Engineer: 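Okay, here's the structure, questions in a sec.
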There are 2 protein chains.
Amino acid sequence: MTTRQTPDEPATGPFPVQRLQRATLNDEVYHELRRAIMSGAIEPGSTMTIRGLAASFGISLMPVRQALNRLVAEHVLMLLPNRSVALPRIDAGRFREITRIRVALEGLAAEEAVAQVDAAAIARMEAANAAIEAGAAPGEALALNREFHFTLYAASAMPTLVAMIETTWLQVGPLLHVPIRKVMDGATPRSLPEHRRVIAGLRAGDAALVRDAIRADLEDAAVDIAATLD
Amino acid sequence: MTTRQTPDEPATGPFPVQRLQRATLNDEVYHELRRAIMSGAIEPGSTMTIRGLAASFGISLMPVRQALNRLVAEHVLMLLPNRSVALPRIDAGRFREITRIRVALEGLAAEEAVAQVDAAAIARMEAANAAIEAGAAPGEALALNREFHFTLYAASAMPTLVAMIETTWLQVGPLLHVPIRKVMDGATPRSLPEHRRVIAGLRAGDAALVRDAIRADLEDAAVDIAATLD
DNA sequence: TCACCAGCCATGGTATGCCATATCGCTCAC
DNA sequence: GTGAGCGATATGGCATACCATGGCTGGTGA
């Protein structure tokens, strides 16, 4: 099964080491492409070839093909008529659509999380938000924002929902990078009132408030991003 | 590229025949598995092997592997620890979760459809509903119900949303078949008041009414299905 | 008779090779 | 000079082959 165990570092014995890398090449390629997309390394609209990627990774075509298929199935990549794959160029209409979907899904997760969130999760969210407001670098702010949101969503204990939300984040991922950088670069570290409302709502156990704060947070960000689209 | 053109039937010349089967084996397997799942032909909890399916289809392992990967990516199939795939056994908790997701997504699509639906679509929905109420066979009723709902959702002009809804239907597909049969077999053809409310709401342009009718329709059905779970 | 071990078989992952197609460029004819 | 046709190359899909792993089974020894 080629579990790709321990490419280096000789076996350290029965010690509890946690280096379970990635199981299959397929998975590795998949996650690497995900990372590249979320980090803005891939230009929207650009196409990629199986052979090209396989050569870059130094592996055969099969794992790459499977990883691409998986991303196409998630609507993160797009199948061209010639069966090549491309990172879709997101127009304003599609962005609006995905934003509405995100409001519905993330609102549901947020609402549900209120009843089940624990103090540790709230603390992590508050720490992430504080780091953003303290003026993290743009890339880091994105990661912190992601942690803020997904800590909340994970508290919903709805794994299928969380997975669907992750997919939607991937779909708009190419947009997040550049515009957010533009938005945050010039601005002084600004407070994120909606994030603070989320935390306040969690503490108060007010599901409607948390849902609305998430909605407002998404829509606020969407306004900035949409402004860069047309 | 192996476009698999015209396995039989000699070229009929420039006549406009519409027999563009399926493009790739991958796709063919994918859709066949989808059909099998939605029709209840695959037992929830049962596992399947790549080689077994490939032998059944009379093709090689690669297209089967890709189709399975795609279904796993859509959370329709499930990856076992030994990397085999299985049709998940849906427990009550997961069913409740998916139902809530469906209410959120399908409610959004329904609401959005109100502003854009045309008379032809409403007519198709009414016809489908009438056929159900007239006492269609169980399997046919499922297909008609599906047509009713997706005609509505397609009117939303939100293709990404519709695709996500289709995925959720696939995820609960194994449950729909048997229970619905049980529910509908004994019962005399009953009217579907929520479907009628949907149509009335569409005619009246009342988005809130349509959304609520869809919510009620889904939750009504969910009660029947959940009753068969534990 | 039971437990344990070894070898086989089933199965998944990956690499390679071949075929079909699409695309691009070049050449030749008009 | 331009357009049409042809060929080379790039590219995707599929089949086959090989390897690694995990589970199962049968045999052997206590």
Side-chain angles (χ1 to χ4, degrees), chain A residues 1-8 10-11 19-33 42-43 45-74 76-88, chain B residues 1-11 19-33 42 45-74 76-88:
Chain A
M1 215 172 290
T2 318
T3 32
R4 185 158 307 276
Q5 57 185 6
T6 81
D8 42 358
R19 20 193 304 291
L20 63 155
Q21 310 254 7
R22 193 74 64 188
T24 69
L25 284 181
N26 174 351
D27 244 37
E28 217 153 343
V29 173
Y30 170 77
H31 284 95
E32 176 59 21
L33 288 176
I42 302 180
E43 178 82 8
S46 67
T47 73
M48 53 200 83
T49 68
I50 298 177
R51 279 177 171 79
L53 289 173
S56 303
F57 286 113
I59 62 176
S60 117
L61 284 67
M62 284 304 154
V64 176
R65 181 195 304 281
Q66 290 169 226
L68 291 180
N69 273 335
R70 191 165 162 190
L71 290 166
V72 168
E74 291 172 343
V76 175
L77 297 181
M78 172 190 191
L79 216 54
L80 300 181
N82 42 328
R83 300 189 183 288
S84 294
V85 296
L87 187 59
Chain B
M1 211 171 287
T2 318
T3 33
R4 184 157 309 275
Q5 58 186 6
T6 81
D8 43 355
E9 282 190 2
R19 25 193 300 290
L20 62 155
Q21 309 255 6
R22 192 75 64 191
T24 68
L25 285 180
N26 174 350
D27 244 37
E28 217 153 344
V29 173
Y30 170 76
H31 283 96
E32 177 59 20
L33 288 176
I42 303 181
S46 67
T47 72
M48 53 200 84
T49 66
I50 298 177
R51 279 176 170 81
L53 289 173
S56 304
F57 286 113
I59 61 178
S60 123
L61 285 65
M62 284 305 152
V64 176
R65 182 194 304 283
Q66 290 169 228
L68 290 180
N69 274 334
R70 193 166 159 189
L71 289 166
V72 169
E74 291 171 345
V76 175
L77 297 181
M78 170 189 193
L79 216 54
L80 300 181
N82 42 329
R83 298 187 184 290
S84 294
V85 296
L87 187 59

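Each chain gets a letter, A, B and so on, in the order the sequences are listed, and its residues count up from 1. None of these values were measured; they are calculated from a predicted model.
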Engineer: Can you figure out which of dT11(D), dT11(C), dA15(D) approaches the side chain of Ile59(B) most closely?
Structural biologist: dA15(D)
Engineer: Can a side chain N or O of Thr24(B) be found less than 4.0 Å away from OP1 or OP2 on dG12(D)?
Structural biologist: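 It does not, given that no N or O in the side chain of Thr24(B) lies less than 4.0 Å from OP1 or OP2 of dG12(D).
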Engineer: For the pair made of CZ in Arg83(B) and P in dA20(D), what is the distance, rounded to whole Å?
Structural biologist: 16 Å
Engineer: Grab the two heavy atoms, one from Ala54(A) and one from Ser60(A), that are nearest each other, plus how far apart they are.
Structural biologist: CB-O, 3.6 Å
Engineer: Could you state the atom-to-atom distance from CE of Met48(A) to C1' of dG12(D) in whole Å?
Structural biologist: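 From Met48(A) CE to dG12(D) C1': 15 Å.
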Engineer: Among dG12(C), dG12(D), dT14(C), find the nucleotide with the atom closest to the side chain of Gln66(A).
Structural biologist: dT14(C)
Engineer: From the options dT16(C), dG13(D), dT14(C), select the nucleotide whose nearest atom is closest to the side chain of Arg65(B).
Structural biologist: dT14(C)
Engineer: Could you state the CG-C1' distance from Asn82(B) to dA10(C), rounded to the nearest angstrom?
Structural biologist: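 One finds 11 Å between C1' of dA10(C) and CG of Asn82(B), rounded.
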Engineer: Can you check the Leu25(A) CG to dC19(D) P distance for me, whole Å?
Structural biologist: 17 Å
Engineer: When you compare the side chain of Met62(B) with that of Asn26(B), does any pair of heavy atoms fall below 4.5 Å?
Structural biologist: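 Asn26(B) does not reach Met62(B) side chain to side chain.
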Engineer: Whole Å only: how far is the CG atom of Leu61(B) from the P atom of dC19(D)?
Structural biologist: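 Value for this atom pair: 17 Å.
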Engineer: Could you tell me the separation between the CG atom of Leu80(A) and the P atom of dA22(C), rounded to a whole number of Å?
Structural biologist: 14 Å
Engineer: Rounded to whole Å, please give me the gap between CG in Asn26(A) and P in dA15(C).
Structural biologist: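 Those two atoms, CG and P, are 11 Å apart.
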Engineer: Is a side-chain donor or acceptor of Ser84(B) paired with a backbone partner of Leu80(B) at a separation under 3.5 angstrom?
Structural biologist: no
Engineer: Quickly work out the Leu53(A) CG to dT11(D) C1' distance and round it to whole Å.
Structural biologist: 13 Å
Engineer: Go through dG12(D), dT16(C), dA15(D) for me and flag the one nearest to the Ser60(A) side chain.
Structural biologist: dT16(C)
Engineer: Measure the spacing between CZ of Phe57(A) and CD of Glu32(A) and express it to the nearest 0.5 Å.
Structural biologist: 5.0 Å
Engineer: Assess whether one donor atom and one acceptor atom, taken from the side chain of Arg51(B) and the base of dG12(C), lie less than 3.5 Å apart.
Structural biologist: yes
Engineer: Measure the CG-CZ distance between Leu53(A) and Arg65(A) for me, rounded to the nearest 0.5 Å.
Structural biologist: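 If I round to the nearest 0.5 Å, the distance is 12.0 Å.
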Engineer: Could you please name the option among dG12(D), dA15(C), dG13(C) that lies closest to any side-chain atom of Ile50(B)?
Structural biologist: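 Between dG12(D), dA15(C), dG13(C), the one nearest the side chain of Ile50(B) would be dG13(C).
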